[in-house]
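This report refers to the structure that appears directly beneath it.
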Amino acid sequence: MYNIGSYEERLKDFNWGISEAKLGYRKGDIINIGEYCSDRICRQGKADKLALVWEGHSGEIKKYTFNDMRVLTNTIAHFLKGLGVNPGDRVCLFMDKVPELYFGFLGIVKMGAIAQPLFSAFGADSLLTRLEDAQTTAIITQKKHVGKVRKILEVLPCLKHVIIVDDDGTKAPREREIAFCMDKALRVENFDIYPSTAETPSVLHYTSGTTGKPKGAQHVHYSLISQYITANWVLDLKEDDIYWCTADPGWVTGTSYGIIGPWANGVTQCVLDVGFKADTWYKFIQDRKITVWYSAPTAIRSLMKEGKAAVDKFDLSCLRHLCSVGEPLNAEAVLWSQEAFGKMFHDTFWQTETGSMVITNYPGMKIKPGSMGKPFPGVSAAVVDMKNHQPITKAGVVGLIALKPGWPSMFRTYWNNEAVYKSKFINGWYICGDRASIDEDGYFWFVGRDDDVINTGGHLVGPFEIESALLEHEAVAESAVVGKPDPVNMEVVKAFIALKPGFEASKELDLSIMNYIRKKLSPLAMPQEIEFVKSLPKTRSGKIMRRLLRAKEWGEEIGDTSTLENDD
Ligand code: 6R9
């Protein structure tokens, strides 16, 4: 029996009070995500149940119970408070998927500060942009990443503390640095958890747009109401499940469903701090007896490439329920998973801004391979006309995905950028920035993004950020960055570059530019392909027409070019 029961029944009688009641929350109560995920679970008699089973590079395994997690998150919260970090301050997490990342997140919110997770593969520039925007007070990191922090420390007077979790503290600390070893620190049994209420800020997740710098989607503690119930009904998490979310908490999936959702449900989760490799993943599922698995299309397509023979080397009969998010899950991948694992992946659609799943395939619901499914009960979703933003009622007509504001985990603003936040709401709808159609049975079908943002392997990359960084390379006069189709990653970054006089296109220059971006921004942002051009197509007002370059890559109709200035 699935937790959600019948979708149709749930739709009829749904209100968010159902989730509030399950969590024992009443309007006006104190609600703290850290408390709900650890102390509350211990009070339910599960103090000795495993909360986290972690596996590292060398196969080492660490296990923590819910009580360990309660105490260690207290310990981190207490440490931060001792440093002088205040409620409301932003504290960045900049680490690989080590236990300190997971417990650090809960420790930060327990003391009332705002957790700002950033992907540890980010280079110094990507880091600087996001720490500067958030005026971050402290960063928790590892020795292997601290070099990137040191590079930007001088221009970040706001960043008072650099906390290193794997430093033994024997050497004299450098400026603003402090060692903190979670497993060895004096355990804090009791901590005065910050009495946050529904609208107290909790998490700041940066996401990329087409223009301008990355934007910080700001969430509040009340988001728990959505994250808890979607984890329960869509991931179908039950008492005895062993859950694995492959996402990194540097991205929203890794926090909403890699921390908050499963632990608020009191479920044991496993983390594998090792890069992708089919054999390693299958072995992990087999050895850890994973029952519920939340992953992403790029990973599924990569597994598909390895073939069914790779699957058959392992006993994966433990798997009970599979879900996917981040990019379009093509029908072939859904059908392959049925063949390979005896289960279909259930696609779910949502965004950093929505904080939780909004359109999903429910357990027990008929899956139409290639469709994102139907709106979660309590989420009113439509596709609206691209021009007048009125809901489209005719089946199969493509429009923009739009959501009626009001679900608990909706972002509350973009940090420092209320104007852009407001611009996302039109005619009383939140406009996601994606195109889709709805069929006669109410299933949503994804078509594409409605902007120039590149989705590479489920990670959004803003072309503007890459173009700005490219301009800092000595050889680059101007550039345009677009997504190019890729069979596994869906899209990869391609850069069109016009060179400065005196520079000539060459393989070496290609590599030099690629490496420059990889180091400065991240491996995700690094162009996989560079095409040198004499000049870039621009509108009469001087804006680079990425749309045109993108259409060429995708073999699409170029459309209206009447505003073109040149036709190179
Ligand atoms: C959770 C997350 C959001 C964007 C979103 C859309 C794309 C996410 C999808 C999907 C097709 C799905 N996206 N899920 N596209 N099918 N099931 O991924 O958040 O990093 O903010 O990305 O990802 O374009 O707007 P985020």
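All values below come from the heavy atoms of this structure, side chains included, with hydrogens, waters and symmetry mates left out. Whatever order the structure lists them in is the order used to number ligands and atoms, beginning at 1.
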From atom 6 (C) of ligand 1, work out which of T360, V358, D434, T352 has a heavy atom at the shortest distance.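 Going through T360, V358, D434, T352 one by one, D434 has the nearest heavy atom to atom 6 (C) of ligand 1.
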Knowing that exactly one of T280, V274, L272 qualifies, which makes a side chain to side chain contact (heavy atoms under 4.5 Å, CB included) with E55?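 The passing option is L272.
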Positive for side chain to side chain contact (heavy atoms under 4.5 Å, CB included) with F345, one of N361, L322, I367: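 Only match with F345 under side chain to side chain contact (heavy atoms under 4.5 Å, CB included): L322.
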Does any N/O atom on [X] come nearer than 3.5 Å to any N/O atom on ligand 1?
{"X": "L329", "value": "no"}
{"X": "T253", "value": "no"}
{"X": "Q351", "value": "yes"}

Can you confirm whether or not the ring centre of [X] sits under 6.0 Å from the ring centre of [Y]?
{"X": "H219", "Y": "H205", "result": "no"}
{"X": "F119", "Y": "W251", "result": "yes"}
{"X": "W336", "Y": "F341", "result": "yes"}

Decide whether the shortest distance between a heavy atom of W251 and an atom of ligand 1 is less than 4.0 Å.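 The answer is no, since W251 has no heavy atom less than 4.0 Å from ligand 1.
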Contact with ligand 1 for P328, non-hydrogen, under 4.0 angstrom: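 Yes, that is the case, since the closest heavy atom of the residue is under 4.0 Å from the ligand.
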Taking it one step at a time, do W350 and F376 satisfy side-chain contact (heavy atoms from CB on, under 4.5 Å)? CA-CA 11 Å; W350 56 291; F376 188 79; over 6 Å; no
Students should be able to answer this: which protein heavy-atom is nearest to [atom], and at what distance?
{"atom": "atom 12 (C) of ligand 1", "answer": "E327 O, 3.4 Å"}
{"atom": "atom 22 (O) of ligand 1", "answer": "L460 CD1, 3.4 Å"}
{"atom": "atom 2 (C) of ligand 1", "answer": "W350 O, 3.7 Å"}

Taking only heavy atoms of [X], which atoms of ligand 1 are found under 4.0 Å from at least one of them?
{"X": "N455", "answer": "7 (C), 23 (O)"}
{"X": "T348", "answer": "12 (C), 14 (N), 17 (N)"}
{"X": "G326", "answer": "7 (C), 8 (C), 9 (C), 10 (C), 13 (N), 14 (N), 18 (O), 23 (O)"}
{"X": "R449", "answer": "4 (C), 5 (C), 24 (O), 25 (O)"}
{"X": "V252", "answer": "1 (C), 19 (O)"}

NZ/NE/NH1/NH2 to OD/OE distance under 4.0 Å, K308 and E339: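 No, no charged N to carboxylate O under 4.0 Å.
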Check this for me, if you would: do K368 and D441 make a salt bridge, where the nitrogen-to-carboxylate-oxygen distance has to be below 4.0 angstrom?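 A salt bridge links K368 with D441.
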Between F349 and ligand 1, which part of the residue brings a heavy atom under 4.0 Å of the ligand: side chain, backbone, both or neither?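 Both parts.
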Name all residues meeting the side chain to side chain donor-acceptor pair (under 3.5 Å) criterion together with E418; count only those two or more places apart in sequence or in a different chain, and write none if there are none.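 Side chain to side chain donor-acceptor pair (under 3.5 Å) check on E418 returns T413.
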Taking distance alone, no hydrogens or angles, what donor-acceptor pairs closer than 3.5 Å link side-chain atoms of residues 392-406 to residues at least two apart or in another chain?
none

